[in-house]
Every structure is written in C-alpha cells, then in structure tokens.
2 protein chains.
Amino acid sequence: MAQKEKDFVKEIANIDTDFAQWYTDVVKKTQLVDYGPVKGTMVIRPYGYAIWENIQKELDTRFKATGHQNAYFPMFIPYSYLQKESEHIEGFAPEVALVTHVGNTPLAEKLVVRPTSETIICEMYSKWIESYKDLPVLINQWANVVRMEKTTRPFLRTSEFLWQEGHTVHATESEARKETLDMLAVYEEFAKTVLAIPMLVGRKTEKEKFAGAVETYSIEAMMLDGKSLQAGTSHYLGQNFAKPFDIKFLDSDGTHKHPYQTSWGVSTRLIGALIMAHGDERGLCLPPKIAPIQVVLIPIAAHKPGVLAATKKLATTLQKAGIRTKVDDSDQTAGWKFNEYEMKGVPLRIELGPRDIEGGVATVSRRDKAGQKTTIQISTLKKDVLALLDDIQTNMYIKAKVFMDSHIKQAKNMTELADAVNNKNFALSMWCGDTACEDKIKTELAATTRNMPFDQSPLGTQCVCCGKPAKTKVYFGKAY
Amino acid sequence: MAQKEKDFVKEIANIDTDFAQWYTDVVKKTQLVDYGPVKGTMVIRPYGYAIWENIQKELDTRFKATGHQNAYFPMFIPYSYLQKESEHIEGFAPEVALVTHVGNTPLAEKLVVRPTSETIICEMYSKWIESYKDLPVLINQWANVVRMEKTTRPFLRTSEFLWQEGHTVHATESEARKETLDMLAVYEEFAKTVLAIPMLVGRKTEKEKFAGAVETYSIEAMMLDGKSLQAGTSHYLGQNFAKPFDIKFLDSDGTHKHPYQTSWGVSTRLIGALIMAHGDERGLCLPPKIAPIQVVLIPIAAHKPGVLAATKKLATTLQKAGIRTKVDDSDQTAGWKFNEYEMKGVPLRIELGPRDIEGGVATVSRRDKAGQKTTIQISTLKKDVLALLDDIQTNMYIKAKVFMDSHIKQAKNMTELADAVNNKNFALSMWCGDTACEDKIKTELAATTRNMPFDQSPLGTQCVCCGKPAKTKVYFGKAY
C-alpha cells in the first residue's frame, strides 16, 4: 500500500517496554484496522476482516451443529423497552446512542441503537411463543452493536463493534442452565483449537455479571503483559426478562408458565486477544486455523528463468490442498518481504530460488520460530506443509498455555496479591464473597475478580482481603 | 410454532384478486419475517434469514472470485460528510436517522446512521491511497443500512435493511466503467442461475439514477402482478466523490490525479423478488439453489413399524449428498404437512409409507408442479433427486422468462403505453430523453422508466409521449 506504510518495520514499539504502543503500532501497521472519523469507531480493513470471517465461519458451524439458527432483529429499539428490566437500563443507559430525528423531524419516542438485543428479542419472543411445543427457541444473531464508551482502543473497546449474540428460551431452569454452560464450552473449545488461546473458565461475581443476568460465565485469556481479556460471556437470565416482557407458554400440564432464558456472545474483541496472546517483537503471530494467509511464497532472484513459474506451481499445489496461499512477486527486496509477512503474522514462509529448484527443495521459516530456517523436499511439499501448519497450531497453544500457567500465583493475603498482579500475573485466591473486598482490591491494586473456576477445592480458609472466612476461590487480575 | 400460526392455510389472500394482501400473508405466515416494534422495521426470522445466508454465500463467492475483499466501515457518519457531494445530500437528507445524544449528553456534531457508505469510505480511501500501485482498490461490505421511508413493506422497503455495497477505485475511467458493467453482469448471472429470475439489464435515466453517480445501471425483475422490482444497481461514480473527498494518487507518469470510482449493491429486497416472481396460490415457491429446505420427507402412517426409520435413512442419504433435507415426523396430519411445506415453497416433497417401502419406491411431488405426484425408485434416490432439483431450477427460470417476455409490449404512443402498463405489462418505447416526458408519464400512468437496454436498435423515430424525435429506447413500468 502507500509508501508511508512501507517503512514501518522499525517503527513498531518495543513489546517489552511499551506494550500499549506496540499494540497500537501492530494493529495500524499490519493494516488490520484504522480509526474511523467518529471518536471511538474503527474501520476493519480487509486483512482484519478476513480474520473475523474465519472466526465467523468456525463459530457459525459450531452453533448450527448444536441446533441454533440465525435471524436478524432491528437495530433500533424503543427507549421504553430498555427500561423494562431495571438492572439492564441502569447498566447501559449512560453509553447508549440515541436517534432523536429523521431528517429535520423529531421522533415521538427516541430510539436506542442496540447495545445488546435482549429487550427487542424478548418483545418478539413474547409474540411467537405460546406452547411448550414452541420451545426451545435457539436463535443467534450476527450484528453490529453500539456502546459509546469514553476510553476506546481498536478491537478491545470501540463505540461500534461486530459480534454474535445467542438468545435462547427453554421450558425449564435446568435446560436453560445446561445451555448456558454448553455454549460456554463451545467458546472454550473454539478458543483452544482455533485461536490457540487457553482460557480460564468460570462464573463472574455479582459485581461483574451482565446487567440483567442471574449468573454470568466467562472465558478469560491472559495477554502477554499479564493482563486479562474477557473474551466471551454466557448468561443464565432465569426469568428476569421473561417476566417484564410477559413471555409465557402453555405447558404440557395445562398451566401457563414463564420460560427460562440464556444469552451469550463473543465479538471482534477476539482479534485483540489473538494479537496480544501470540504477538512478539516482530509483530503479529497468527495461528494457522485463523490466518488469512497461511503460507506466503517468496521467489528469490525472481528475474532468473523459471523461478517465478516454479514458485507459482508450488502455490497451485498448496491452494489445491485448501491452504490459503499467497505469492509475493512484487519488486520489493526479499528482506523487506520477510519483515512484512513476519509482521503480518503469516504462519509459514517458503522461499524458492534457483539453487533450491536445482536441489528439488524449498527453504521454510515458521513464524512461531522466526529466524530459524529449514529445508523441505518439493516432492513432499503438500504433506510437509500441512504437517507444519498443524505443528505450528499446536505449538502456539502450548506456548500460550505454559505462559498462562506460569503466570498464575496463589495469593493468601494482600501483600501476595499485590505482588502477583503487579508483576504480570493472575492471582488465585480465597474470598469472603463480599463486594466490599472486591471494591477495595480494585481501588488499591487496580485488579478485579476475573471469574470463579468450577474447581472450587479450597486453597485456605480466609479471605485474601479481609481475613474473614472464605467462601469462594476466585481469579484476580488487571484487565482490559 | 404457535397454534394461531397453524391454521393459516386457508388464510392466504387470493393471489389474483389481492396480490398485495397475498404478499403480506405469505411473508408473515411462512415465518419469513415479522414486523419490528419501530415503524417500518422488520425482523428477519430464521426461515427468511436462511434465504439471505444462501444469497450471501453465492454472491460472496462471486465477489471473491473477481478479486474483491470484504471490510467493515463504521455505521456512524459525521453529518458534514454527507454534505460534501451536493446531489448525494439532497437525495438522502430527508430520510436519514440522526444520532444526537449519548445517554443524556448532546453530541457536538450530529451523526448520520449510514443510508449508504460512499462518504465514509471515500474519507478512508483518501488516507489509504497514495500511488498508482495502491490501485485498484476492490472492497465490499456486508452491512445494515437505514433509510427512514414513509411507506414500507417487508423486504421491499424497510427503514433498516441488510445489503452488500461494493466500493472500488481505479486509475482510469475505462477501468472503472468496466468494473461497473462487470459487477452488473455478476448480478444478472446470479439472478438467473441462483434465483431463477430473468432480469432486464440497462442504464437508468438521469432522473432515476443514484444521487451522486455519473451513471447508474440496474437489473429489473418482473413480478407476477406485472410490476417491476429494481433488484440491484451498479454505479459509475466518475470523480464525483474523489474530488470533494480529495482522493488522489501519484500516477506512473509522475503527476497527481483523482481516481475513478464505482459502487454497487443488492439487498434483502431480493427476498421480496423471489416471493413475487415465483409464488402462487399455495404460497412461496423457492428455487432449489436458494431454498433453506430443498427436500422435505414425510412419513405416512409413521406409527407403523419401520416407516420412520426408513424415512430417516432416506434423509441421511440425501444429506450426505449435500442436499438440505428435513424430516417432519411431528404429529400433524399428512394433509397439514403437505399444505405447510407447499406454502413454505420447499422444492421437493417425498412421502414414504408402508406400501412405498414394500415396493422399493417413494412418492414425489414437485413444488413447481404442485398437485402432481410421481414415483421414484429408492435404489436411485440420490441421482433422481439431484436431477429433479436441477430440473425444477431450470423449469422455474424458464417459466419466469416466458412470463416476462409475454408481458413486454411495444408502445408507440400514450394510448398504447397506458394499455400496456395498466394491464400488467412493461412497455418498451422510444423516448426523446426529456425528463418532462418521464414526469408526465409518471403523473398520468403511475409508470416510471425502468432502464435503457444495451440493445438500442430503434423501434421507431418518435417519442412515445411528446412525439418529438426519439433518442433512446427505454422500458416503462409500474414499480415497487
């Protein structure tokens, strides 16, 4: 692209000394994203959007395999709907964008641009659901949502973002609770096998749960600076929305009942997670399953007879095997290209020059082991590349898992807790369950409860903060 | 679904005597769509959204095969951007939704919810494009857009709708003009082979072109009531946006130039086209390539041993062949099911009962020849069903083509024009090119110019309206 964007290589800030600037440099200079004209908005450029398309494809397949269907609900919600669930309006009111006029004409009722769709979807469900035979309703929506937050960063927190939101309705509490946890498990498995990111899975505290939920569960990832990124949530809503929206069904026992609901979502935030879980001083490092380009082929001495043709032949072989492959035969230097595709996080680079061709080999560099080169036989190219991509995927997960595991510290008191979270770790602690202790820890250490793991085998008997009897084991961490 | 929606069969209005009510009944009762709470908005229900997903998949493949990439631009556009291109603001200002507040806080500049994205995309292109090496830019966006129109109907005209919008930038006029026509051809081919709808392809008049374009081309479909539906447009924008948005590139000759642009789009309106091009007194009739369910299997006397298992076995065979198949083993009567899936437009119904199983056959009904039944051998099921689906697809296109061709009348004067458009026809006429004649025809006959075909071999020498020398051959019709 433009010349000013071609001299970036040395312009990425140091990942160890200025992680925040490194992130900003990487997202801009790899052309994942640009800033939109309205404060806090982002443009997702083709390279970034291709990652989102791969995320969509992988998740959508999983949603459909578990019986869900997609639908689309209007983006404009009457303001009065938001007020029907009291916690919900309290949580979202300050940051909602309001449509008040069409052209020069004021509207009778102001419209909310959806920050999430529980209210409008429940309004429709109340019309559609009459009998137990109509249940369960298993609907997902891919959509844009708007939350006009004050402090924004590309992918992590933007005024408008893309996401999916599942909204399900069930006849019984146990079925709805099962759905909540089943979808959480779908997210965890997807994060592990596709994004190569290990997750801490557990329940959010009362303070941190979704506005309107009975219980919120989350998957939390560890970024390379030791901070936590909430990467997905699954909410058990109970009857909190069914009652104010008057969703009722005639059960098989002949009585009318309110059903039980769930909602669950992940967003373009996952792209931020990918960047900060796997990147390094060279830039992005993308897991093969999500990378828009899995293999880049670079002809060496491309002007010499046969080199470009041989390179394109390799590309065709790989493309036929379903591998997302790009040939860069531009007139940039080989060195520039190496930097460029390393920065863009392409999992595998293959160089092919006259001497390689003579020897029937190609030179291969793995992005996850940047700087090392190996040789593969052209005769077994397809098999070897597929094996390498698999190995990179696995290796990246293991590396991220080892990193997270080695950055979780048990903390029994405030000193240990401070030591953990101030040194790029999560802390695992016992807690009395009082919001007062969460507030104190947030004020003093800028750390929050991340979630309460399903494994509640106790580490001790006293709250990490107040020393009173502990009720729950919980992760603390600084967070995005 | 709900009981009130199970008694619909006789509730569809007569297609011949009340086409408008027939349309409303069909979209609601087949659960394609429901009305949203805000006036003019629609909820696209799973059955309708599945059609949109199939449209997206087919088009997206074609866009990528022609070198385009997807991206995502913010939905909120500063009001001042819309004012930069004078025709553009004039065209869209009265119907734009305006965001003026976040929570209780008024915004410094009001924000437009995109009615289309030329302005914000051009703003970004002016930042990204510097050199001829950056061209062409070939970007498409899948998004929601908002136009708060006064009279709305599901799919045809709604306040918010889903669409794709391509936005490309080229170094030369000829390349941009070629892109405009290439994408028009993509739309035409898609409509023909996937939607089974023939299109009139041509250029819009000055009066009917897109606000801001140099030239607009369209594909126009004929609905069963003889009205036209503009189903897609492709705009040659020239430098109309490049100049006010200051998009410039350094050409290979060392000088700075404004590039040439195109934009092109189709929307959820296409679902309306499908309904009104193929439906009949029984309801929807969907072409196999776009139908969410291609084959429905109905067990007859399902309580008898082996029937349900045999039906499910057939379903598995078809599903393995990639055919979208549903088994309805609910406790509704066979008659109810026949009506239900005919109304829903499922291309092929297969009944399987004890006697069929004994004879090694199944009973088949084609939706496009409803009421006729034939028998196929179970041993050749897969091959026969694939051939039947192909034949239905072809037959539906031919039927629609014959219908349209037989409803295009040549009209040499206002009497003939009135006779044509008042009797469910398009008129093909010679025209002087003056907007005054278009206005007069619109006022007197409620018919508009649809487009000017590429084949301009003259039908005569005089304008159909004023009798002055004719310049152009043009289609007139009543339109949605």
Side-chain angles (χ1 to χ4, degrees), chain A residues 1-5 31 34 36-38 41-50 52-53 69-78 81 93-105 109-111 113 120 123-124 127-131 133-134 139 143-144 146 148 159-160 162 268 330, chain B residues 1-5 31 34 36-38 41-50 52-53 69-78 81 93-105 109-111 113 120 123-124 127-131 133-134 139 143-144 146 148 159-160 162 268 330:
Chain A
M1 286 297 257
Q3 188 56 43
K4 65 182 171 202
E5 291 178 328
Q31 300 186 357
D34 202 350
V38 175
T41 62
M42 68 174 163
V43 178
I44 308 178
R45 300 184 71 170
Y47 194 59
Y49 198 82
W52 183 240
E53 288 181 297
Q69 292 181 298
N70 291 325
Y72 187 79
F73 295 83
M75 165 175 65
F76 290 159
I77 304 176
Y81 283 29
E95 63 192 39
V96 290
L98 296 173
V99 173
T100 59
H101 288 71
V102 170
N104 292 321
T105 313
E109 179 177 9
K110 58 191 173 188
L111 305 176
V113 183
I120 193 165
E123 176 71 15
M124 301 312 300
K127 294 186 166 65
W128 297 345
I129 295 167
E130 295 195 344
S131 150
K133 291 180 183 173
D134 301 326
I139 285 181
N144 55 342
V146 169
M148 304 293 275
S159 299
E160 179 188 2
L162 303 181
T268 36
S330 70
Chain B
M1 286 296 257
Q3 187 58 41
K4 64 181 170 201
E5 291 178 327
Q31 300 186 358
D34 203 350
V38 175
T41 62
M42 67 173 165
V43 177
I44 308 178
R45 299 183 71 168
Y47 194 59
Y49 198 82
W52 182 239
E53 288 182 297
Q69 292 181 299
N70 290 325
Y72 188 78
F73 295 83
M75 166 175 62
F76 289 159
I77 304 176
Y81 283 29
E95 62 192 37
V96 290
L98 297 173
V99 173
T100 59
H101 288 71
V102 169
N104 292 321
T105 313
E109 179 176 9
K110 58 192 173 187
L111 305 176
V113 183
I120 193 165
E123 175 72 15
M124 300 313 298
K127 293 187 166 66
W128 298 345
I129 294 168
E130 294 197 344
S131 151
K133 291 181 184 173
D134 300 326
I139 286 181
N144 55 343
V146 169
M148 304 294 275
S159 300
E160 179 189 2
L162 303 182
T268 36
S330 70

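Atom set for the values below is all heavy atoms of this structure, side chains included, hydrogens, waters and symmetry mates excluded. Per chain, numbering begins at 1; letters A, B, ... match sequence-line order.
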Handout entry: Side-chain heavy atoms of B/Val146 within contact of A/Phe76, under 4.5 Å
Key =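 Yes. Closest side-chain heavy atoms under 4.5 Å.
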
Exercise for the section: Evaluate the side-chain proximity of A/Trp128 to B/Asp34: yes if any heavy-atom separation is below 4.5 Å, no if none is. Expected result: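 When only atoms from C-beta onward are counted, A/Trp128 and B/Asp34 do touch, with a gap below 4.5 Å.
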
Between [X] and chain A, which part of the residue has a heavy atom less than 4.5 Å away: side chain, backbone, both or neither?
{"X": "B/Glu95", "answer": "backbone"}
{"X": "B/Met75", "answer": "both"}
{"X": "B/Tyr47", "answer": "neither"}

Select, from [options], the one with the greatest count of heavy-atom pairs under 4.5 Å involving chain B.
{"options": "A/Pro78, A/Gly36, A/Ser159", "value": "A/Pro78"}
{"options": "A/Ala93, A/Ser330, A/Pro37, A/Ala143", "value": "A/Pro37"}
{"options": "A/Thr268, A/Leu111, A/Val96", "value": "A/Val96"}
{"options": "A/His101, A/Gln69, A/Glu123", "value": "A/His101"}

Practice task
Could you check which of B/Thr105, B/Asn104, B/Val113 has the highest count of heavy-atom pairs closer than 4.5 Å to chain A?
Solution key: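 The answer is B/Val113.
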
Exercise for the section: Would you mind telling me which of B/Ile139, B/Thr100, B/Ile77 has the largest number of heavy-atom pairs within less than 4.5 Å of chain A? Expected result: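 The answer is B/Thr100.
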
Exercise for the section: Could you list the residues that satisfy side-chain hydrogen bond (donor to acceptor under 3.5 Å, both in side chains) with A/Glu109, not counting sequence neighbours? Expected result: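 Testing A/Glu109 for side-chain hydrogen bond (donor to acceptor under 3.5 Å, both in side chains), a comparison that skips the adjacent residues, returns A/Ser80.
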
Can you name the closest pair of heavy atoms from [X] and [Y] and give their distance?
{"X": "B/Gly103", "Y": "A/Leu98", "value": "O-CD1, 3.2 Å"}
{"X": "B/Pro74", "Y": "A/Val43", "value": "CD-CG2, 3.6 Å"}
{"X": "A/Val99", "Y": "B/Ala97", "value": "CG1-CB, 3.9 Å"}

Problem - Gap between atom CZ of B/Arg45 and atom CZ of A/Phe73 - 0.5 Å precision - result: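 It is 8.5 Å, given to the nearest 0.5 Å.
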
Handout entry: Which atoms of A/Pro94 approach chain B - backbone, side chain, both or neither, heavy atom under 4.5 Å
Key =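 For A/Pro94, backbone heavy atoms alone lie under 4.5 Å from chain B.
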
Practice task
Go through the structure and list residues passing salt bridge (charged side-chain N to carboxylate O under 4.0 Å, His left out) with B/Glu53, not counting sequence neighbours.
Solution key: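 Testing B/Glu53 for salt bridge (charged side-chain N to carboxylate O under 4.0 Å, His left out), a comparison that skips the adjacent residues, returns A/Lys64.
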
